[in-house]
Every structure is written in structure tokens, then in C-alpha cells.
Amino acid sequence: MNLTTFSLILTGVLLNACAQLLLKAGAGAIGALAFTRENIVPIGIKLATQVPIIGGLFCYAISVVVWILALSRVQVSIAYPMLSLGYVVNAIAAWYLFGETLSMQRMAAIGIILVGVYVLARS
């Protein structure tokens, strides 16, 4: 895998991770949602007007374009497992930004993912 292909994959992963974090921030600003028939429209309006949620959806849209560019250059059996890097990014960012727990078990999982991605990228 050359540098351009890896950069496209990594950019797609980072955009996807950014989208998740923005959606989490938007959901956190709204609070817990309980969908009922009566509140579906007000909740939809609340969701549609949250800047972080709009930003997250924008990141998803751009990540799709970047991902298609990456898939045009590399086999899906190589590219798709690289998406697991998103877990690594999101776990660390959620710990830093939202105060989520980063236990030893999660750290071990992150280490395993990183080793797996390294082996995959070298194949």
C-alpha cells in the first residue's frame, strides 16, 4: 500500500471518527431522547438544528467520497479492516473530550487493533 492510498484510508477513518464525536456532542446537548408518536416532529427539529449533528453528517458525507477514492485504489479486504482504527481514535478522543472511561481492558483492545492494522498494512 502506498502513501496516497494509506492517506485516503486514514482520512476516511478520521472523518468518520470526527462524525461520531460530533454526533455524540450534539446528542449530549439535547439529552436522552424518548421517541413517542407525539414528539417525533419536535425531536426531529431539535436534531436537525444542532450544529454538531449537522457537522457530523457533513463529515460522514465527505468520508464517503474519500472512502470511494480509497476503494478505487485498494482491495476492500485490506481497506475495510482499517476502519477499526476509528475505534482507537474514538476511544481516546471520548476519554479526552467527554471523560469516558479508558480501562486497561480497552487499552489492551486498542493495542491489539493497532497490531492487527500494522500487520494488515504490511501484507
Side-chain angles (χ1 to χ4, degrees):
M1 177 180 324
N2 64 33
L3 183 60
T4 301
T5 302
F6 185 74
S7 296
L8 285 169
I9 290 171
L10 189 59
T11 301
V13 167
L14 291 174
L15 282 166
N16 197 294
C18 184
Q20 285 293 316
L21 295 166
L22 285 167
L23 292 177
K24 171 64 177 169
I30 293 171
L33 299 173
F35 283 103
T36 64
R37 190 175 181 153
E38 294 78 31
N39 73 358
I40 193 85
V41 172
I43 286 177
I45 292 170
K46 241 184 207 183
L47 292 172
T49 58
Q50 283 293 315
V51 173
I53 290 176
I54 294 167
L57 294 174
F58 179 77
C59 285
Y60 271 138
I62 300 301
S63 77
V64 168
V65 174
V66 171
W67 193 248
I68 291 168
L69 292 171
L71 289 176
S72 73
R73 291 170 165 78
V74 70
Q75 298 173 0
V76 73
S77 61
I78 299 292
Y80 189 71
M82 298 272 184
L83 288 176
S84 63
L85 289 173
Y87 174 77
V88 175
V89 171
N90 278 331
I92 294 168
W95 166 76
Y96 180 76
L97 297 171
F98 304 123
E100 293 185 10
T101 304
L102 201 53
S103 66
M104 288 304 292
Q105 189 172 10
R106 290 181 188 176
M107 293 295 290
I110 287 170
I112 291 167
I113 289 168
L114 291 174
V115 169
V117 168
Y118 175 78
V119 170
L120 182 68
R122 306 268 311 161
S123 66

Is there a continuous path of hydrophobic side-chain contacts, each under 4.5 Å between heavy atoms, that joins [X] to [Y]?
X	Y	value
Val88	Tyr118	no
Leu57	Val51	no
Leu97	Leu102	yes
Met107	Tyr96	yes
Val13	Val76	yes

Output, in order, the C-alpha distance, side-chain angles, deciding distance and verdict of side-chain contact (heavy atoms from CB on, under 4.5 Å) for Thr11 and Leu69. CA-CA 11 Å; Thr11 301; Leu69 292 171; over 6 Å; no

For [X] and [Y], which heavy atoms make the closest approach, and how far apart are they?
X	Y	answer
Ala17	Val89	CB-CG1, 3.7 Å
Ser63	Gly12	CB-O, 3.9 Å
Gly26	Gln50	O-OE1, 4.0 Å
Ile110	Ala91	CD1-CB, 3.9 Å
Ala19	Cys59	CB-CB, 3.8 Å

I'd like to check [X] versus [Y] (side-chain heavy atoms, cut-off strictly below 4.5 Å). Are they in contact?
X	Y	result
Val74	Leu8	no
Leu85	Leu114	yes
Leu83	Trp67	yes
Ile30	Ile53	yes
Asn16	Tyr60	yes

Looking at [atom1] of [X] and [atom2] of [Y], how far apart are the two atoms once the value is rounded to the nearest 0.5 Å?
X	Y	atom1	atom2	result
Leu15	Leu10	CG	CG	9.5 Å
Leu120	Ser84	CG	OG	8.0 Å
Leu33	Ile43	CG	CD1	5.0 Å
Ile78	Ile9	CD1	CD1	8.5 Å
Leu71	Thr5	CG	OG1	10.5 Å

Test log, rule side-chain contact (heavy atoms from CB on, under 4.5 Å), inputs Tyr87 and Arg106: CA-CA 10 Å; Tyr87 174 77; Arg106 290 181 188 176; 3.8 Å; yes

Chi angles and distances behind the side-chain contact (heavy atoms from CB on, under 4.5 Å) call for Leu21, Phe98: CA-CA 9 Å; Leu21 295 166; Phe98 304 123; 3.8 Å; yes

